[in-house]
Amino acid sequence: MSWALDQFFASVEDEFDVAIADADREYLATPRDVIDFVAEATVRDDTMDDDEHRENIGAVIGELMAQTLGVTRYNEDTRFVEDLRLE
């Protein structure tokens with residue numbers, strides 16, 4: 001896995017206090033996969049419903065992608081790739 005993707009996953013782990021095993025990274029191929037993984041691994045705030053919780057996670061994931069991957073425009077089904085970061 002590329003250094004940038006390693007940094008991205010480390011940032012996700014730090015931001016959401018979740019552990020992403022190397023085996024899990026293989027299946028986290030799109031931003032949607034990462035958002036869904038984090039949504040399932042975290043407890044939502046009582047003031048948010050499930051959709052708001054997921055939307056909040058998506059916004060933070062977007063910021064982390066911008067910081068670590070340099071990606072500011074994407075859709076949730078965009079695939080992570082080693083050499084281009086996103087496809």
Side-chain angles (χ1 to χ4, degrees):
M1 182 163 292
S2 75
W3 178 84
L5 282 175
D6 286 341
Q7 287 298 109
F8 169 68
F9 285 120
S11 296
V12 170
E13 288 177 322
D14 290 343
E15 181 69 30
F16 294 102
D17 195 27
V18 297
I20 303 174
D22 288 341
D24 290 331
R25 290 181 186 197
E26 181 179 321
Y27 299 104
L28 300 176
T30 66
R32 179 184 312 278
D33 295 336
V34 177
I35 294 166
D36 290 343
F37 178 87
V38 171
E40 291 176 19
T42 58
V43 178
R44 69 175 170 81
D45 184 314
D46 287 339
T47 63
M48 294 184 199
D49 64 24
D50 289 338
D51 290 336
E52 292 169 324
H53 178 65
R54 189 180 186 290
E55 185 175 309
N56 182 57
I57 291 167
V60 175
I61 294 293
E63 288 295 320
L64 295 176
M65 287 174 56
Q67 293 169 7
T68 59
L69 302 174
V71 174
T72 57
R73 298 189 69 156
Y74 67 95
N75 68 54
E76 287 190 8
D77 294 319
T78 303
R79 296 189 57 81
F80 296 114
V81 294
E82 298 261 343
D83 53 344
L84 301 175
R85 297 191 198 135
L86 288 176
E87 181 175 74

Checklist line | Contacts of type side-chain contact (heavy atoms from CB on, under 4.5 Å), residue A59, not counting sequence neighbours | finding: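 Listed in chain order: nothing, the list is empty.
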
R32: what forms a side-chain contact (heavy atoms from CB on, under 4.5 Å) with it, not counting sequence neighbours?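 Checked R32 against side-chain contact (heavy atoms from CB on, under 4.5 Å); matches are T30, D36, R54, E76, D77.
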
Between [atom1] on residue [X] and [atom2] on residue [Y], distance to nearest 0.5 Å:
{"X": "F80", "Y": "R25", "atom1": "CZ", "atom2": "CZ", "answer": "11.5 Å"}
{"X": "D22", "Y": "D6", "atom1": "CG", "atom2": "CG", "answer": "8.0 Å"}
{"X": "D49", "Y": "E55", "atom1": "CG", "atom2": "CD", "answer": "9.0 Å"}

Query - Pairs satisfying salt bridge (Lys or Arg N to Asp or Glu O under 4.0 Å), at least one member in residues 38-47, at least two apart - result: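 Passing the test, one end in residues 38-47: R44-D50.
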
Anything under 3.5 Å between a donor and an acceptor, one on a side chain of residues 7-18, the other on a protein residue two or more places apart or in another chain? List them.
| residue | atom | partner | partner atom | Å |
| --- | --- | --- | --- | --- |
| S11 | OG | Q7 | O | 3.0 |
| E13 | OE2 | I20 | N | 2.7 |

Check your understanding: Does E26 reach the main-chain N or O of A23 with its side chain, forming a donor-acceptor pair under 3.5 Å?
Key ->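 No: the side chain of E26 does not pair with the backbone of A23.
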
**Prompt:** Should H53 and V43 count as side-chain neighbours, where that means a heavy-atom distance under 4.5 Å?
**Reply:**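 They are not in contact (no side-chain heavy atoms under 4.5 Å apart), so the answer is no.
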
Check your understanding: Which atom pair, heavy atoms only, marks the closest approach of T72 to A66?
Key ->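 So the two residues come closest at CG2-CB, 4.0 Å.
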
If every non-hydrogen atom of F37 is compared with every non-hydrogen atom of A19, which pair is closest and at what distance?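 F37 and A19 have their closest heavy atoms at CZ-O, 3.6 Å.
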
Positive for side chain to side chain contact (heavy atoms under 4.5 Å, CB included) with L28, one of L5, V34, V38:
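That would be V34.
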
